[in-house]
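A short write-up of the structure that comes next.
Order of the sequence lines sets the chain letters (A, B, ...), proteins ahead of strands, with each chain counted from 1.
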Amino acid sequence: MPKNSKGREIAEIIPEKCIGCQLCVGECPVGAIVMEDGVAKIDPEACIGCGRCFDVCPADAIIFEKPRKKRMTGVGQAPVPVDEYKGVAVFIEIREGKGAEVSWELVGKARELAGKLNTQVLGFILGTDIKPVGEEAIAYGCDVVYMIDAPLLKAYLPKVYGNALVHLLEQVKPEILLLGATPLGRDLASVSATRCETGLTADCTGLDIDLQGRLLLMTRPTFGGNIMATILCRNHRPQMSTVRPRVMKLPEKDGSRRGEIHTLDFAAPEDNLPRIIDFIATPVEADAEDITSAPVLVVVGKGACDTRHLPMFRELADLMGGAVACSRPVVQAGLLPYERQVGQTGKTVAPKIYIGIAVSGAVQHLVGMQSSDKIIAINTDRNAPLVRIADYALIGDYTEMVPRLIKGIEARIQSFEGKASKR
Amino acid sequence: MHIVCCVKQVPDTTQVKIDPETNTLIRSGVESICNPYDLVAAEVAVQLTERYGGKVTVISMGPPQAESALRECLALGAKEAILLSDRAFAGADTLATSYTLSQTISRIAAVNPVHLVICGKQAIDGDTAQTGPGIATRLGYSQFTYVSEVVSVDVENNTIKVKREIEGGSELIEGTLPALLTVELGLGIPRYASLPELARALRQDIEVWGAGEIGALPERLGLRGSPTSVHRIFAPPVREGGRVFDSTENTERAIEDFVEVFFEKESPLLEHLLSQDKG
Ligand SMILES: Cc1cc2nc3c(=O)[nH]c(=O)nc-3n(C[C@H](O)[C@H](O)[C@H](O)COP(=O)(O)OP(=O)(O)OC[C@H]3O[C@@H](n4cnc5c(N)ncnc54)[C@H](O)[C@@H]3O)c2cc1C
């Protein structure tokens, strides 16, 4: 172990392992650690060799060899009595009078988590005339539904919804709360986590339980999808997380399931609330499809960003009962609208078949489509990242390949139909 | 009108990677940039002061180097910049970050009342759209996220009207000041700074505030004030590549081969898909 000029054994940083989280900077009692080029650096003369930096480092980037046990990180503020909190709750978002699909996906996940924790799945519903949604929630897997039914909850206002949800959280005390990472869900999650002074992890792609501590293991992509991080919320409850639509599997609905429904009152906030003047629904174009629910996606990349070929891509999509989507540069070029963008700043999709045409597969794109069942990449570049992960890679110029592909598939479909009509 | 903009310095995420074999971070040549969403926020703030008068103050929490993100905003036309840099702030998650920033904004507002706080919709390196609503909640400001247009601000009557992008469409909504907005990328294009502006931005003094200056409770800052902690990091699972059909020799053949293999291997899936489509 290295020593400084005073002969003191000191900690050492492995720059390649440092993730630049700065936990050690905050932990060092003598201010001996500074950030340099995004990496922590220890001043050997100032270091007192206490090893606290070693204790908090999540990346094992600090060498400190004095014998000592690694302590858990994340001390937090005044911890809450975590044992008082029970159940896995899901905030069920209402869209056009019905439960949003992402909420049911989360109920499915909550069942799995609740099974491991041996506890109940709770559904939280806010809105007006929401009784039918409560019943649906039970059919999808909730054991107990808590709702607040009030005219003021007809449209989303952060303060009003925040008050209502925090009220439910205080009354019911769930150990976990999951919300869909929709515009409303993200907003509300943040408002209520702040009010409850608890931890919130956004856009999780994996949720699991550490049974020993009854902790929720929240895994999410970070640094634009280049790195995965598992986050914990040890001493605060509820442990909150948002999950994007289509990341978890939609469970089967079972109308014969039984459960309880409770309706609660809440105190509306008194300040002068914002007023929604108008809602302008996005005009539904004749060919408007939701790229997140299409079973097949034909995804146009920058290398195929050509108006003349758009009809060809549509033809391929139609042929397979799918929709046309795209990468970000294609939206920036104005060929297709933002609603069709796949990726970190677009939509997360998981179609049965993803066909990328001249899409290179940058990380920001990959994070939005990696869980597609089958990936087909059409590209001139054999080494493009998407080509490397594709189940089927077609190397060559798309203008040559796509017309032939359409013909080939057409012929196959005819033979299917032949078979079908014989049956 | 006085607008405070919260900006963050982030690593250029396109360059950060993990070596899947050693599980270590490859960050050679990773630059730090001002979060692109926050630059848009600063641009929007400056445009609003050009429309209605007033000034923009930018604040950023981060290590001393985060100063350069602030200078980028000064070059866009922000008038003042404050860097929040203190060892006590390090290791903050979104809860501790929103505490630190809201504490700072209260201090600023005590001297020079704040009408608007503008944040980018999200940061590209991690925390996704949580900090803005957290600040609004703590300060009790009106909160408008995902703003795609600032229709009007009326400082005299204390009102603001904005358009927000939400599920299924956009919403026109009016509320009272002070308000916090988080803005979409499309709301503005950060301008190219003129040379004199650049020179001014580079010369300007930037105040550095620590925990003492913002009157913060130490237990709510940084690592100590953060309920969440990183447990483990790892490289994302990579999908194994599959079959390659090269058409450089013969396109016809490559496609034929592909269609053959594809329809054979995926026949249950395809039969289901294609018949469903027809039915
Ligand atoms: C903060 C941030 C967020 C981002 N968010 C997103 C996002 O949500 N979604 C997204 O998609 N991107 C996003 N990006 C952009 C991303 O980094 C890439 O720039 C983008 O995905 C590249 O798009 P592309 O693959 O279409 O284009 P390129 O990378 O330019 O790839 C074009 C491909 O076409 C191939 N090609 C060219 N001509 C032909 C031909 N005739 N036949 C066959 N192949 C051909 C080339 O070999 C190449 O592989 C984001 C970036 C940042 C910094």
One option among Pro183(A), Cys24(A), Gly199(A) has the most heavy-atom pairs under 4.5 Å with chain B, and it is Pro183(A)
Counting heavy-atom pairs under 4.5 angstrom with chain A, the leader among Asp257(B), Thr248(B), Thr176(B) is Thr176(B)
request  = Taking the side chain as every heavy atom from C-beta outward, state whether Phe262(B) and Leu405(A) have any pair of such atoms under 4.5 Å apart.
outcome  = no
Quick one: does Asp246(B)'s side chain get under 4.5 Å of Arg382(A)'s, heavy atoms only?
-> yes
Checked Glu174(B), Glu252(B), Lys121(B) vs chain A; the most non-hydrogen pairs under 4.5 Å come from Glu174(B)
Note: vs chain B, highest number of non-hydrogen pairs under 4.5 angstrom among Leu184(A), Thr205(A), Ile376(A) is Ile376(A)
Heaviest contributor of heavy-atom pairs below 4.5 Å to chain B, chosen from Ile280(A), Ile33(A), Leu273(A), is Ile280(A)
Is the shortest side-chain heavy-atom distance between Leu157(A) and Ile173(B) below 4.5 Å?
yes
Checking Gln65(B) side chain against Met35(A) main chain: does a donor-acceptor pair fall under 3.5 Å?
-> yes
In this structure, CG of Asp187(A) is separated from CZ of Arg164(B) (nearest 0.5 Å) by 6.0 Å
Less than 4.0 Å between a side-chain N and a carboxylate O, is that true for Arg412(A) and Glu264(B)?
-> no
Interface check, chain A: of Gly222(B), Ala179(B), Gly168(B), Ala136(B), most non-hydrogen pairs under 4.5 Å belong to Gly168(B)
Interatomic distance, CD1@Ile135(B) vs OG1@Thr194(A), rounded to 0.5 Å, equals 9.5 Å
Rounding to 0.5 Å, atoms CD1 (Ile231(A)) and CG (Asp93(B)) come to a distance of 9.0 Å
Counting heavy-atom pairs under 4.5 angstrom with chain A, the leader among Thr137(B), Thr182(B), Thr159(B) is Thr137(B)
task = Taking atom types as modelled, find out whether Glu184(B) and Tyr338(A) have a side-chain donor-acceptor pair closer than 3.5 angstrom.
result = no
With a 4.5 Å cut-off on side-chain heavy atoms, are Tyr156(A) and Ile166(B) touching?
no
| Hey, does the side chain of Lys352(A) reach the backbone of Leu270(B) with a donor-acceptor pair shorter than 3.5 angstrom? | no
Checked Gly322(A), Cys233(A), Gly396(A) vs chain B; the most non-hydrogen pairs under 4.5 Å come from Cys233(A)
Exercise. Determine yes or no for a side-chain-to-main-chain donor-acceptor pair under 3.5 angstrom, with Arg87(B) supplying the side chain and Cys28(A) the backbone.
Key: yes
- Query: Using the ring of each side chain (for Trp, its six-membered ring), is Phe245(B) parallel, tilted or perpendicular to Tyr392(A), with breaks at 30° and 60°?
  - Reply: parallel
d(Glu167(B) CD, Glu96(A) CD) to nearest 0.5 Å is 10.0 Å
Any side-chain heavy atom of His236(A) sitting closer than 4.5 Å to one from Thr228(B)? no
When rounded to the nearest 0.5 Å, the distance separating CZ of Phe258(B) from CZ of Arg404(A) is 15.0 Å
When the 4.5 angstrom heavy-atom criterion is applied to Ile160(B) and chain A, the contacting part is neither
| field | Side chain proximity check, Phe234(B) to Thr219(A), heavy atoms < 4.5 angstrom | value | yes
Under 4.5 Å to a heavy atom of chain B? For Thr201(A) that would be both
CG of Asp278(A) to NZ of Lys163(B), rounded to nearest 0.5 Å, is 9.5 Å
Most contact-rich option vs chain A, by heavy-atom pairs under 4.5 angstrom, among Gly134(B), Pro63(B), Pro64(B), is Gly134(B)
Ranking Ser142(B), Gly91(B), Ser170(B) by heavy-atom pairs under 4.5 Å to chain A gives rank one to Ser170(B)
Would you say the side-chain atoms of Arg239(B) pair up with the backbone N or O of Gln370(A), donor to acceptor, closer than 3.5 Å?
-> yes
Test item: Ser247(B) side-chain N/O and Ile395(A) main-chain N/O as donor-acceptor pair under 3.5 Å:
yes
